S.K.: 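This is the structure I want to talk about, given as structure tokens.
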There are 2 protein chains.
Amino acid sequence: MDIKQSTDATAFKQRIFFALSEPGRYTIVRMLYHVGHEMGCNELNQHVEIDKSTMSYHLRTLREIGMITTRTQGRQKFVTLNTDKIEAVFPGLLERL
Amino acid sequence: MDIKQSTDATAFKQRIFFALSEPGRYTIVRMLYHVGHEMGCNELNQHVEIDKSTMSYHLRTLREIGMITTRTQGRQKFVTLNTDKIEAVFPGLLERL
DNA sequence: TTTATAGTTTTAAATTTATCAAACAATGAG
DNA sequence: CTCATTGTTTGATAAATTTAAAACTATAAA
């Protein structure tokens with residue numbers, strides 16, 4: 001029984017937990033997963049009701065952790081959930097959110 | 001596709017994430033799971049190396065969330081991971097920690 | 001070019017969380 | 001009873017996190 005594990009892997013897992021411990025980010029991730037495709041930031045804003053700068057902050061947090069990817073088109077940004085990456089470490093987690 | 005869900009269920013899930021976002025608590029939960037049976041607080045202290053009052057604080061947090069249960073025997077306390085309860089909301093999560 | 005829109009960054013303040021020393025219970029041992 | 005042990009609670013501080021206003025960047029539209 002091996003108690004220790006790679007620091008990197010652990011760090012990623014813990015940051016996923018950190019991300020999901022905040023209600024706003026939890027809702028964002030949950031919505032992205034259930035919608036099943038990328039969403040525009042404005043679309044997210046309509047559903048979540050967070051100040052735009054706070055939203056930007058949370059999205060940056062999720063991006064830095066590696067849970068989402070953003071794409072710019074014109075002056076809009078689209079957010080994609082990195083489902084595979086999350087599933088790789090915690091299979092079945094997203095559908096339970 | 002239902003985006004909303006019970007507040008209670010969501011709260012429990014988020015508190016699990018909160019609990020596991022802290023390295024000390026993450027380690028405690030991970031160890032309890034892998035050991036597979038209850039552990040004495042002192043036994044935990046030997047493995048985790050946290051100040052005893054901080055350990056007590058983290059264990060109280062985990063207890064209040066409902067992730068562990070404690071039993072007193074003499075002047076020792078034994079900690080049990082509420083595996084079933086956690087598995088019920090996030091099956092397979094514990095073994096991936 | 002000018003104006004409006006979409007989103008980011010900065011900054012400051014508020015809130016939450018983690019840490020540890022010290023005082024405190026409660027139990028067992030001598 | 002007295003002392004040592006195990007763990008909790010309190011209180012004070014430090015550190016991290018969240019929030020939102022304001023200034024800013026970049027692009028589209030008029």
Side-chain angles (χ1 to χ4, degrees), chain A residues 7 10-32 35 37-81, chain B residues 7 10-32 35 37-81:
Chain A
T7 304
T10 305
F12 181 52
K13 291 173 184 177
Q14 279 184 18
R15 284 186 294 175
I16 288 178
F17 293 136
F18 170 75
L20 295 174
S21 70
E22 203 283 324
R25 287 191 298 258
Y26 181 94
T27 305
I28 291 167
V29 170
R30 188 164 187 277
M31 190 152 53
L32 285 167
V35 165
H37 53 72
E38 70 176 6
M39 292 178 79
C41 283
N42 49 359
E43 197 183 350
L44 276 172
N45 265 304
Q46 287 169 6
H47 291 277
V48 182
E49 190 166 352
I50 301 177
D51 184 275
K52 66 171 185 171
S53 67
T54 301
M55 174 65 87
S56 188
Y57 163 73
H58 285 316
L59 291 178
R60 177 153 57 94
T61 302
L62 290 170
R63 199 182 325 117
E64 284 172 357
I65 289 172
M67 293 178 73
I68 63 169
T69 303
T70 49
R71 173 177 73 84
T72 306
Q73 188 180 41
R75 61 188 157 180
Q76 288 202 85
K77 287 216 166 171
F78 293 91
V79 182
T80 307
L81 185 66
Chain B
T7 304
T10 305
F12 181 52
K13 290 173 184 177
Q14 280 184 17
R15 284 186 294 175
I16 288 177
F17 292 137
F18 170 74
L20 297 173
S21 70
E22 205 281 326
R25 286 191 299 256
Y26 181 95
T27 304
I28 291 167
V29 170
R30 186 164 189 278
M31 189 152 53
L32 284 169
V35 165
H37 53 73
E38 70 176 6
M39 292 179 79
C41 282
N42 49 359
E43 197 183 350
L44 277 171
N45 265 304
Q46 287 169 8
H47 292 275
V48 181
E49 191 166 352
I50 302 178
D51 184 274
K52 66 169 182 169
S53 65
T54 301
M55 173 65 88
S56 188
Y57 164 73
H58 285 316
L59 291 179
R60 178 154 54 93
T61 302
L62 291 169
R63 199 181 324 116
E64 284 172 357
I65 289 173
M67 294 178 74
I68 64 169
T69 303
T70 49
R71 173 177 73 86
T72 305
Q73 188 179 42
R75 60 186 158 183
Q76 286 203 84
K77 285 217 168 171
F78 294 91
V79 182
T80 307
L81 185 65

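Letters A, B, ... mirror the listed sequences (proteins, then strands); counts begin at 1. Just so it is clear, the structure is predicted and the values come from calculations on it, not from any experiment.
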S.K.: Please report the shortest heavy-atom distance between Val79(B) and Ile68(B), naming the atom on each side.
M.R.: CG1-CD1, 3.7 Å

S.K.: Using atom CD of Gln14(A) as one end and atom C1' of dT17(C) as the other, report the distance to the nearest whole Å.
M.R.: 15 Å

S.K.: Identify the heavy atoms of Leu20(A) and Phe17(B) that sit nearest to each other, and give their distance.
M.R.: CB-CD1, 3.4 Å

S.K.: Pick the closest DNA chain D nucleotide for Thr61(A) and for Phe78(B) by heavy atoms, then say which residue is nearer the 5' end.
M.R.: Phe78(B)

S.K.: Whole Å only: how far is the CD atom of Glu43(B) from the C1' atom of dG7(D)?
M.R.: 16 Å

S.K.: Roughly how many Å is it from CG in Leu59(A) to C1' in dT19(D), rounded to a whole number?
M.R.: 15 Å

S.K.: What is the distance from CE of Met39(A) to P of dA6(C), rounded to the nearest Å?
M.R.: 16 Å

S.K.: Please state whether the phosphate of dT8(D), meaning OP1 or OP2, lies under 4.0 angstrom from any side-chain nitrogen or oxygen of Arg63(B).
M.R.: yes

S.K.: Taking all atoms of both residues into account, what is the closest heavy-atom pair of Val48(A) and Met55(A), and its distance?
M.R.: CB-CE, 4.1 Å

S.K.: Would you mind reading off the distance between Leu62(B) atom CG and dT17(C) atom P, rounded to a whole angstrom?
M.R.: 14 Å

S.K.: Can you tell me which nucleotide in dT9(C), dG7(D), dA6(C) comes closest to the side chain of Gln76(B)?
M.R.: dG7(D)

S.K.: Would you tell me if any nitrogen or oxygen in the side chain of Arg60(A) comes within less than 4.0 Å of OP1 or OP2 on dT9(C)?
M.R.: yes

S.K.: How many Å lie between NZ on Lys77(A) and C1' on dT8(C), as a whole number?
M.R.: 7 Å

S.K.: What is the distance, rounded to the nearest whole Å, between atom CZ of Arg15(A) and atom P of dA16(D)?
M.R.: 15 Å

S.K.: I need the minimum non-hydrogen distance between Phe18(B) and Ile65(B), along with the two atoms involved.
M.R.: CD2-CD1, 4.3 Å

S.K.: Counting N and O atoms only, with roles assigned by atom type, does the side chain of Arg25(A) sit under 3.5 Å from a partner on the main chain of Ala19(A), one being a donor and the other an acceptor?
M.R.: yes

S.K.: Which parts of nucleotides 19-30 of chain C does protein reach within less than 4.0 Å, heavy atoms only, written one letter per nucleotide 5' to 3' as B for base, S for sugar-phosphate only and - for none?
M.R.: BBB-----BB--

S.K.: Using atom CE of Met55(A) as one end and atom P of dG7(C) as the other, report the distance to the nearest whole Å.
M.R.: 9 Å

S.K.: Shortest non-hydrogen contact from Val29(B) to Met67(B)?
M.R.: CG2-CE, 4.2 Å

S.K.: How long is the straight-line distance from OG1 of Thr69(A) back to CD of Glu38(A), given to the nearest 0.5 Å?
M.R.: 10.5 Å

S.K.: Under 4.0 angstrom, heavy atoms only, what part of the nucleic acid is Phe18(B) near: base, sugar-phosphate, or nothing?
M.R.: sugar-phosphate

